[in-house]
Amino acid sequence: MPGSFKISSHQLMILILLYSVGTVILHTPSPLASFAKQDAWLAALLGTGIALIFVWFYIRVGNLYPDLALDQINVKVFGRLVGKMINLTFFFWSFSTAAETTYYVGNFIETFWMPDTPLVALNILFAAVVIITVRLGIETFTRTLEIFFIPVLILLFIFLVSIIPQANIQHIQPVFENGAKPVIRGHFFSSAFLRCLLLCF
């Protein structure tokens with residue numbers, strides 16, 4: 001990994017897993033349902049499969065340039081002009097997504113746990129956490145994640161087990177009621193979001 005900081009592959013796995021789980025739970029269900037309705041689960045499966053192919057591609061490209069960061073790889077592969085345009089686009093996407101995720105987290109906390117707390121106060125609190133984390137560096141951040149990894153997995157397992165009784169297989173029927181087009185549109189959203197999410201790392 002370029003730079004003076006170092007994290008292990010195990011820490012990177014935890015970082016990607018926890019970020020992906022949290023972001024996907026907050027961000028993707030509503031747009032997917034709007035695209036594909038009850039076929040959203042098909043769009044999610046297809047999008048995940050396509051995203052995994054891109055993961056393999058990203059790993060291969062990363063192995064070709066192990067000493068370069070993502071922005072440097074873009075310039076090397078696509079040339080100076082196109083590479084910098086891609087980097088600029090990726091920067092604005094990351095910036096807007098970070099702001100959006102902060103809002104989603106604050107809105108989630110306000111809705112389910114602290115309804116009397118102003119949303120702006122929660123957003124400021126989480127933005128402060130992000131700023132402190134950036135100042136401490138990725139090594140400190142990933143070590144903290146290692147401490148919380150098992151408790152988060154336990155809570156996620158309890159959450160999944162708790163909602164199983166509410167599952168109703170009838171809600172996914174009829175399958176392909178509106179044809180394959182909504183599923184394909186949802187798959188494009190799902191796979192594009194997951195690919196950009198993985199590129200953050």
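All residue numbers in this chain count up from 1 along the given sequence.
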Residues at least two apart in sequence or cross-chain that pass side-chain contact (heavy atoms from CB on, under 4.5 Å) with Ile147, listed by chain then number, are none
Say whether Phe57 and Leu68 are linked into one hydrophobic cluster, either directly or through other cluster members, by side-chain heavy-atom distances under 4.5 angstrom.
-> yes
Is it possible for you to say whether Ile154 and Leu156 belong to one hydrophobic cluster, with membership spreading through side-chain heavy-atom contacts below 4.5 Å?
-> yes
Given Thr144, Ile150, Leu145, the one that forms side chain to side chain contact (heavy atoms under 4.5 Å, CB included) with Phe148 = Thr144
Looking at side-chain heavy atoms only, is the closest gap between Ile14 and Thr142 below 4.5 Å?
-> no
Of all the heavy-atom pairs spanning Thr111 and Asn107, show the shortest one and how long it is.
-> OG1-O, 2.7 Å
Ser162 vs Ile158 side-chain heavy atoms within contact, under 4.5 Å = yes
Minimum side-chain heavy-atom gap Tyr65-Lys76 below 4.5 Å = yes
Phe149 atom CZ, over 12 foreign heavy atoms within 6.0 Å = yes
Go through the structure and list residues passing side-chain hydrogen bond (donor to acceptor under 3.5 Å, both in side chains) with Asn123, not counting sequence neighbours.
-> none
Other hydrophobic cluster members with Phe95, side-chain heavy atoms of Ile/Leu/Val/Met/Phe/Trp/Tyr under 4.5 Å, chained?
-> none
Take Val161 and Phe157 through the side chain to side chain contact (heavy atoms under 4.5 Å, CB included) test and state the conclusion after the steps.
-> CA-CA 6 Å; Val161 171; Phe157 177 77; 3.6 Å; yes
For Val120, what are the other residues in its hydrophobic cluster, where any two members join if their side-chain heavy atoms are less than 4.5 angstrom apart?
-> Ile124
Flag yes if Leu155 and Leu160 sit in one hydrophobic cluster, no otherwise; membership is Ile, Leu, Val, Met, Phe, Trp, Tyr, and two members link when side-chain heavy atoms are under 4.5 Å apart.
-> no
Mind checking the CD1-CZ spacing from Ile164 to Phe159? Nearest 0.5 Å is all I need.
-> 11.0 Å
Side chain to side chain, Glu110 and Thr117, heavy atoms closer than 4.5 Å = no
Atom pairs and distances, donor-acceptor, side-chain atoms in residues 82-89, under 3.5 Å, two or more places apart:
unit_1	atom_1	unit_2	atom_2	d
Asn87	OD1	Asn74	ND2	2.7
Asn87	ND2	Asp71	O	3.1
Asn87	ND2	Gly83	O	3.3
Thr89	OG1	Met85	O	3.0

Could you pull out all residues at least two apart from Val129 that satisfy side-chain contact (heavy atoms from CB on, under 4.5 Å)?
-> Thr133
Say whether Val61 and Phe78 are linked into one hydrophobic cluster, either directly or through other cluster members, by side-chain heavy-atom distances under 4.5 angstrom.
-> yes
Tell me, please, which residues at least two apart from Phe112 pass ring-ring contact (aromatic ring centres under 6.0 Å, His included).
-> Phe108
Cluster overlap Ile131 with Ile138, hydrophobic side-chain contacts below 4.5 Å = no
Find the distance between CE (Met114) and CG (Leu125) and round it off to the nearest 0.5 Å.
-> 8.0 Å
Provide the full list of side chain to side chain donor-acceptor pair (under 3.5 Å) pairs with a residue in residues 145-154, sequence neighbours left out, each pair given once.
-> Gln11-Glu146
Side chain to side chain contact (heavy atoms under 4.5 Å, CB included) evaluation trace for Val134 with Phe141 = CA-CA 8 Å; Val134 171; Phe141 179 55; over 6 Å; no
